[in-house]
Amino acid sequence: MNVLGYLIPGIVVLVILVVFLSFVPLGLWISALAAGVRVSILTLIGMRLRRVPPASIVLPLIKATKAGLDLSVGALEAHYLAGGNVDRVVISLIAAERAGIPLSFQKACAIDLAGRNVLEAVQVSVLPKVVETPVVAAVAKDGIELKVKARVTVRTNIDRLIGGATEATIIARVGEGIVTTIGSSNSHKEVLENPDTISKTVLEKGLDAGTAFEILSIDIADIDVGENIGARLQMDQAEADKRVAQAKAEERRALAIAREQEMKAYTQEMRAKVVEAEAEIPKALAYALREGKLGVLDYYSLQNLQADTRMRERLGKEEEKGEGP
């Protein structure tokens, strides 16, 4: 009975101790205390109640304290509750402090909450990044196409990171500068002889304005000669002109054929009128004979004249046939 009386309270105490240790991160509190970071047990319990993982706050705080940064638990917890990455922000602050880059905790949090990788931004500020543009095709004034690929060395500008344009804007502006430079060249040979003119022209335009980066250099990685666009355009224009000329010629031919058909119809119409007029001759002769305006001898003389005319026409046609091959 005495053993049972001691066993039950011991079990209750053990259960309470297990529940307490599972709810209160005692090991994390000891680690913070050993690192010189003062975090009370009540603060850790409050994090649990606010559904904030204590390790996500305490471990970054230990890093910051060891690096000599003065950060508070409340500021880190507020950034976590806002949806930020506390560990990345702290590492970024440590890297910026070691590199001598001015970066405040508020600005680092703002950059992180804006969706930018603040750690990568600090790293690119320390070690510039090389961005390679796709192949940009441009045509010089002599009609020769050049295909250029450039490498742009950029460094993050922390002050313009919030609201600044991304790498895509840099690539687009550099491509525009390449096209402008080549297009203003009188000959593609000038560009091939001095490719650095592209870099100089593009850099003078201040293409990094309004972006989150600072352009350090633009290097031409490769230049290839493409097609003779001018000659191809001339060929296409000549082909188009030929088709237009053919269409106009076909139009004139169709008009000529239509005119010829009209003339044939007009000729047939005139022949019909001649036949109609010839049909009136016998009537006119008969009328003249009845009225006494034409004598019989005159009529026979006319008949003889017509017969003589027909004979002469027939002889003439026979002679023409005899002279033929």
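Quick note: residue numbers are just sequence positions, from 1. These numbers come from the heavy atoms of this one structure, side chains and all, not from hydrogens, waters or symmetry mates. Note that the structure is a prediction, hence the values are computed from the model and not measured.
- Each of L93, L69, V90 was compared with K63 under the side chain to side chain contact (heavy atoms under 4.5 Å, CB included) criterion, and only V90 meets it.
- Here L44 contributes atom CG and I57 contributes atom CD1; the two are 10.5 Å apart, rounded to the nearest 0.5 Å.
- A salt bridge links E262 with R259: at least one charged nitrogen is closer than 4.0 Å to a carboxylate oxygen.
- Taking every heavy atom of both residues into account, G177 and T181 meet most closely at O-OG1, 2.8 Å.
- A 4.5 Å side-chain heavy-atom check between D70 and F105 finds every atom pair outside the cut-off.
- Taking the charged nitrogens against the carboxylate oxygens, E239 and K242 do have a contact shorter than 4.0 Å, which makes a salt bridge.
- Taking both residues in full, the closest heavy atoms of S199 and I220 are given as OG-CG1, 3.8 Å, listed atom of the first, atom of the second, then distance.
- Between the side chain of R151 and the main chain of E132, no donor-acceptor pair closer than 3.5 Å is present.
- Atom CD1 of residue I215 and atom CD1 of residue I218 lie 5.0 Å apart, to the nearest 0.5 angstrom.
- Proximity of a side-chain donor or acceptor of T153 to a complementary backbone N or O of L216 within less than 3.5 Å is not detected.
- Between F213 atom CZ and N157 atom CG the span is 10.0 Å, to the nearest 0.5 Å.
- With a 4.5 Å cut-off on side-chain heavy atoms, T166 and R116 count as touching.
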Quiz item: Step by step, would you call V86 with S56 a side chain to side chain contact (heavy atoms under 4.5 Å, CB included)?
Solution: CA-CA 7 Å; V86 176; S56 300; 5.8 Å; no

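- The side-chain heavy atoms of V58 and V37, taken from C-beta on, include no pair separated by under 4.5 Å.
- Counting all heavy atoms, side chain and backbone alike, A67 lies closest to E97 at O-OE1, 4.3 Å.
- Partner of T267 under the side chain to side chain contact (heavy atoms under 4.5 Å, CB included) criterion, chosen from M270, K264, R271: R271.
- Among V136, L192, V139, the single residue meeting the side chain to side chain contact (heavy atoms under 4.5 Å, CB included) criterion with L146 is L192.
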Self-check item: Steps toward side chain to side chain contact (heavy atoms under 4.5 Å, CB included) verdict (L61, L71)
Solution: CA-CA 7 Å; L61 184 60; L71 299 178; 4.3 Å; yes

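- Scored by the side chain to side chain donor-acceptor pair (under 3.5 Å) test, D142 finds S187, H188 as partners (sequence neighbours excluded).
- Of the candidates D112, I91, L113, N85 forms a side chain to side chain contact (heavy atoms under 4.5 Å, CB included) with just one, namely D112.
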Quiz item: Should E250 and R253 be marked as a salt bridge (charged side-chain N to carboxylate O under 4.0 Å, His left out) after you check the CA-CA gap, both sets of side-chain angles, and the distance that decides it?
Solution: CA-CA 5 Å; E250 184 65 23; R253 190 178 72 85; 2.7 Å; yes

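- P60 and A55 get closest at one heavy-atom pair: CD-O, 3.5 Å.
- Taking both residues in full, the closest heavy atoms of K147 and V135 are given as CB-CG1, 3.7 Å, listed atom of the first, atom of the second, then distance.
- Residues C109 and V89 share a closest heavy-atom pair of SG-CG1, 4.3 Å.
- For L81, the side-chain contact (heavy atoms from CB on, under 4.5 Å) criterion is met by V52, E77, not counting sequence neighbours.
- Linking ILVMFWY residues whenever their side-chain heavy atoms come closer than 4.5 Å, directly or via other members, leaves V124 and V122 in distinct clusters.
- Atoms OG1 and CD, from T133 and E167 in turn, are 12.5 Å apart once rounded to the nearest 0.5 Å.
- From N304, atom CG reaches atom OG1 of T309 across 10.5 Å, with rounding to the nearest 0.5 Å.
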Practice problem: For side chain to side chain contact (heavy atoms under 4.5 Å, CB included), just list the numbers for I170 and V152, CA-CA rounded to whole Å, side-chain angles, deciding distance to a tenth of an Å, and then say yes or no. | Solution: CA-CA 9 Å; I170 295 288; V152 185; 4.1 Å; yes

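- Formation of a donor-acceptor pair under 3.5 Å by the N117 side chain with backbone atoms of L119 is found in this model.
- For K141, the NZ atom sits in a packed shell: over 12 heavy atoms of surrounding residues, nucleotides or ligands are nearer than 6.0 Å.
- Using modelled atom types, one finds no donor on one side chain facing an acceptor on the other under 3.5 Å when comparing E190 with N194.
- Placement of V130 and I171 in two distinct hydrophobic clusters is found when ILVMFWY residues are connected by side-chain heavy-atom separations under 4.5 Å, directly or transitively.
- Considering OG of S125 and CD1 of I158, their distance stands at 3.5 Å, rounded to 0.5 Å.
- A salt bridge between E176 and R173 is absent, with no side-chain N of the basic residue lying under 4.0 Å from a carboxylate O of the acidic one.
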